[in-house]
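Following: one structure in structure tokens, then a few remarks.
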Amino acid sequence: MSNCTGHAISTLSSRRARYLSLTSSSSPGESRARATTKINSRCAAMEPAGSLLDNAVGVGDLVLLDPLSEKSIVSNLQQRFQHDFIYTYIGNVVVSLNPYKSMPIYTPAKIEQYRNSNMFELPPHIYAITDEAYRSLRDQDKNQCILITGESGAGKTEASKLIMSYIAAVCGKGQEVNKVKEQLLQSNPVLEAFGNAKTVRNDNSSRFGKYMDIEFDFKGDPLGGVITNYLLEKSRVVNQAKGERNFHIFYHLLAGAPAGLLADLKLVKDPNKYKFLNHKNCIHIEGNNDEANFIAVQQAMEVIGFAASEIRESVELVACVLKLGNVELSKVQEEESQQQNSMELLEVSDLMGLEDMVLVKALTTRTVEARGDRVSTTLNIAQACYARDALCKNLYCRLFSWLVHRINKSIKVHGESRRKVMGVLDIYGFEIFEDNSFEQFIINYCNEKLQQVFIELTLKEEQDEYIREGIEWIHIEYFNNAIICDLIENTQKGILAMLDEECLRPGIVSDSTFLQKLNNVCAQHSHFQSRLCTNSKFLSDMSLPHDCFRIQHYAGKVTYNVEGFVDKNNDLLFRDLSQAMFLAKQVLIRNLFPEGDPTCLNLKRPPTAGTQFRTSVSSLVKNLLNKNPSYIRCIKPNDHKLPCVFTEELVGHQVRYLGLLENVLVRRAGYAFRHPYEQCLQRYKILSHKTWPHWRGDARAGVETLMATLPISPEEYAFGRSKIFIRNPRTLFHLEDLRKNRMEDLATIIQKIFRGWCCRRRYQDMRKSQIIISCRYRGFSQKKRYIRKRQAAILIAAFVRGWRARKGVRRLKLDYKRHSAASTIRAFWKGYLVRKEYRKFFRANASKKIAEYILQWKLRSYLLRLRYILPGMSPLDNTWPLVPFRLVQSTHEELCKMYHDWRCRVYRSKMTPTQKAIFEEKLCASELFKGKKDIYPETVAKTFVGLHLEQGPNAKHQKLLGSLPDKLIFSELVHKIHRANGKVVTRILLLTKANMILADPKSAHIKSRIALGEVQRVSLSTLHDGIFVLHIKQGSSAALKGDFVFVSEWVIELATKLFRLIMDCTNTKLEISISNSISVQFKADEVNMQLVQAEQKNGNLPVCKRKNRILEVTVS
Ligand SMILES: Nc1ncnc2c1ncn2[C@@H]1O[C@H](COP(=O)(O)OP(=O)(O)O)[C@@H](O)[C@H]1O
Ligand SMILES: [Mg+2]
């Protein structure tokens, strides 16, 4: 709250301070003005400006200055300048002070601010006037021109660039438009490089006049333009004043050209090596980068559309000029006679594409045609130097004009559509040097003409406005410089006419004859002075040299030295030189000198420089008068190019000659200030209750009503058609004062209402909160009471319920006890009766039932347990759980058997056919020999392999085996017991499906073959031996020798296989007798074989002893 009030008060005080500043120039206390200005500047920085009248330091429009005098104008400008307000208006004329420092007021944000806003709504700015002109061109279809005038170095060129950049920023966009904009903008660096130079007044002084017409389409988009250039100061090429430089391009080229280019141009980097550059000892400009500028110029030329060859030719021409300057003509002349030329000259002619002798001749001789004869005379050194310098100046000047022409070609608008034009005139400013020559005369003449335009147009515009608005016009006196213009341009008696006359006159013509003429003709003129002038009042003026004349220009007195006037006006180039240049192979040079073409000799004298200039200036003036003008009047604050330095005298002088005071007077003649009705009503409607806060009717009626209610005399203002005119600045300030007071009142009202509102709000807030608090508190306490009561009620209820419940429980418990007692008694009684009834049945069957039950239970638990203790699935596993009790002995055994059978079956089912055959064989062996012969158990675990004979590499054996008629089942190397003596021999025993074959193991000859059908029976002992007796059927072919007795290692296998084979083959069971006494038939003898078991001495073979019919066999 207090902050708000504080801010409001500070705002009001700042407004007050601003108001004071508005009237400061009228107040006698300077110190007060200064103090208020300080406050103002701070405010200006803090707040956005709303109007020309707001936030101003001094007055933003000199029209409002009171009292009005030259002094007050200067002090107002100074005051503003010191606070970095470099622009001030006089109506719609902008007075611009050169700040000589970069200012933060040209940003895109500023452009945006000024774009489409009313000129007087914002602080004065070059953008505001440009925007006004641009909008007038675009919206009202009026051709515009912006005239920038001022001394050299006052900031004209910078202003013109700002104008162009503003227009480029605010006009339309698009590829084509942007290209045009770029070309227009880029023409500046090119023209500046070739046409600007450092002078004592300005480091970047334009040495030519420039008028640029920018052409727009109906939408306000730029289409192109035309540049007109005026009189380049070409004398600078060969000579510069002290502390000045030649045109920038020379230095740019030397500093910026790459080494290769310099070598091609036969130049060296050091500018000191060139006479045109070194003789005034000023090569570098502080803060200027020649090297970068050269690149920028090249790029700009490319953007504009110069071909690479054109750029190259331009720099070649610049190089030619530089090098020509170094040609020493004294030497050339000597050398010409010796037919050898200086290096420099050779290089120049090479660059130009000329034969060196042609150039030498052109420079050193002059051909005169007199009555059809051509006479060639040799020039003396001074003449030759003059010719050389003339050539250099001409070359450069023509190059410059060509550049302008070439740029125009690029930016020319094609098509015939209707265009609107905005002209920007940046012409050289008024110049007063120590030594003023023809150039200064011309320049200052041009400025006189522009001043004329200015005076005419401002007055005319002012007059027009009064007429337009229907206001009475009161004539105002001002200095009209038409008289000076007349002194110069009068076609009969004007200085230029005199000069032309002198130039064209036959006979001896010199600058002094010209001065004499002036002395005679212009003597009476009030603005002309010379030493010998018949106007006697100047005769005593010793400061005026004899060869000079002085003109009292609108901007001051200027003394001109007549030396060179005639020559410069003639501006003639010896024909020998132009003809030589026409011969050049360098295209550009050749094209620049069309008059050198010998085939089209034009003997007509070209118009003099003065006439040319006068014509172009008058056409310029005519052009300007047709357009809606805007002015920028540039002022130089000091002579030292320093920022923040304001030389009152210097500015006072400029204010005087620019006629600013008169401008203000004219502007104020009659009415000092004018306001469109809408704006006026908007600003001052707060002053009357009839118009505040809303005026519903027409703006003019509103303003009339408003003014009628104010304490202002009706003579002080007049109503125009669209504006109100205020006669006296004091009236405006009075209005402003009223407005300010009213604003203060309004502020007080606002403050009062705001405070009341704040208090009311606060009270309402407090009331609201009080209600909320009490209501919350009441609620809270009620809730608390309620909770307490509720808790008490719950407690009481609980106690009562508890008491009741306990009482009930007690009764129920008693009932229950009684009930259960009755039930118990009844049960006991019933039980007693039942027991009594059934006791007899119970005693009769109880033991049996129990026994049965126990038995059942035991059997069940045995069977259930059995499954957990069963042995493995191997048929060979003999383990079996012990029988738990005898009662189940038989069952247990039966189950064992069943289980074994089952696992055998399972085992069998998993057997392969081969395994099955083996087991069948084994089974057969078991049936035959188990428990009958001692050796049998040993054989059980051994598989019946069948073929025991070694299948070695013995060929005889192989042959024997191969000759067998059927499949071999068994083979072994057996021992055969000799029938007669019981000796043992080895035989191969082969058992096939149908035969038993005995063969000699060495020879493999078959000894005997017994068909299986011939076998009667087989005998074996019970002992642990391999005796095998084969009984042959009596009568068969094999029975001749009798039965066979073998000792076989595999006796069980042999017997079993034989048994099975005979069974297969004859389907009869072979008889196998097992006994230790075997009756054997040896041929006719029947021998009894007795087997005895005894300790053997000679191995395992049995020992046989035959004693008649007894064969005793001892086995181990
Ligand atoms: N608005 C400006 N802001 C900053 N510097 C400026 C401004 N106007 C002029 N200058 C400075 O003054 C110098 C001279 O200005 P210029 O426009 O070349 O003068 P003129 O064309 O009138 O001879 C410029 O090179 C620049 O340094
Ligand atoms: Mg300039």
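Keep in mind that the numbers below use all heavy atoms, side chains included, and drop hydrogens, waters and symmetry copies. Each ligand, and each atom within it, is numbered from 1 in the order the structure gives.
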Is Ser187 reaching over with its side chain to a backbone N or O of Leu184, donor-acceptor style, under 3.5 angstrom? yes
Run down the list Lys101, Lys198, Lys156 and name the one with the heavy atom closest to atom 22 (O) of ligand 1. Lys156
Could an N or O of ligand 1 be found under 3.5 Å from any N or O of Met103, whether backbone or side chain? no
For the Mg ion (ligand 2), decide whether Ser206 has an N, O or S atom at a distance under 2.8 Å. yes
Is Arg207 close enough and on-axis enough to Phe247, meaning under 6.0 Å and within 45°, for cation-pi? no
Atom 15 (O) of ligand 1: which of Ala154, Gly155, Ser102, Ser206 has the nearest heavy atom? Gly155
Options Ser160, Gly153, Gly150, Cys634, ranked by nearest heavy atom to atom 23 (O) of ligand 1, top entry: Gly153
Tell me which part of Glu151 gets within contact of ligand 1: side chain, backbone, both or neither, using heavy atoms under 4.0 Å. backbone
Who's closest to atom 17 (O) of ligand 1 heavy-atom-wise, of Lys636, Lys161, Glu192, Glu158? Glu158
Look at Ser152 and state whether any of its N, O or S atoms is less than 2.8 Å from the Mg ion (ligand 2). no
Hey, does Ser205 sit under 4.0 Å from ligand 1 if you only count heavy atoms? no
Atom 27 (O) of ligand 1 [closest protein heavy-atom partner, distance rounded to 0.1 Å]: Tyr100 CD2, 4.8 Å
Lys449 and Glu489 ion-paired at < 4.0 Å: yes
Stepwise, does the side chain to side chain donor-acceptor pair (under 3.5 Å) test hold for Glu431 with Asn436? CA-CA 8 Å; Glu431 279 182 0; Asn436 301 295; over 6 Å; no
Kindly determine whether Val651 and Asn638 satisfy side-chain contact (heavy atoms from CB on, under 4.5 Å), including the steps that lead there. CA-CA 8 Å; Val651 177; Asn638 62 70; over 6 Å; no
Would you indicate whether the side-chain heavy atoms of Leu450 and Leu425 approach each other to under 4.5 Å? yes
About how many Å separate CZ of Arg656 and NE2 of His653, when rounded to the nearest 0.5 Å? 7.0 Å
Sub-4.0 Å heavy-atom contact, Asn204 with ligand 1: yes
Lys156 vs Asp426, salt bridge (charged side-chain N to carboxylate O under 4.0 Å, His left out): CA-CA, chis, key distance, verdict: CA-CA 6 Å; Lys156 298 182 294 298; Asp426 166 26; 5.4 Å; no
Heavy-atom protein neighbour under 4.0 angstrom from atom 1 (N) of ligand 1: yes
Asp426 to ligand 1: N or O pair under 3.5 Å? no
Can you find a non-hydrogen atom of Pro99 under 4.0 Å from ligand 1? yes
Asp203/Arg245 salt bridge by N-O under 4.0 Å criterion: no
Are the side chains of Lys210 and Thr228 in touch, meaning some heavy atoms are under 4.5 Å apart? no
Of the protein's non-hydrogen atoms, which lies at the shortest distance from atom 18 (O) of ligand 1, and what is that distance? Asn202 ND2, 2.9 Å
Ligand 1 versus Thr157, non-hydrogen atoms closer than 4.0 Å: side chain, backbone, both, neither? both
For ligand 1, is there an atom lying under 4.0 Å from some heavy atom of Tyr106? yes
Shortest protein heavy-atom distance from atom 12 (O) of ligand 1, along with the residue and atom involved: Asn98 ND2, 2.7 Å
Quick one: which ligand 1 atoms are inside 4.0 Å of a heavy atom on Ser152? 23 (O)
Check: Arg633 side chain, Ile148 main-chain N or O, donor-acceptor pair, under 3.5 Å: no
Answer yes if the ring centres of Tyr631 and Phe454 are under 6.0 angstrom apart, and no otherwise. yes
Check Lys641 against ligand 1 and report side chain, backbone, both or neither, counting heavy atoms closer than 4.0 Å. neither
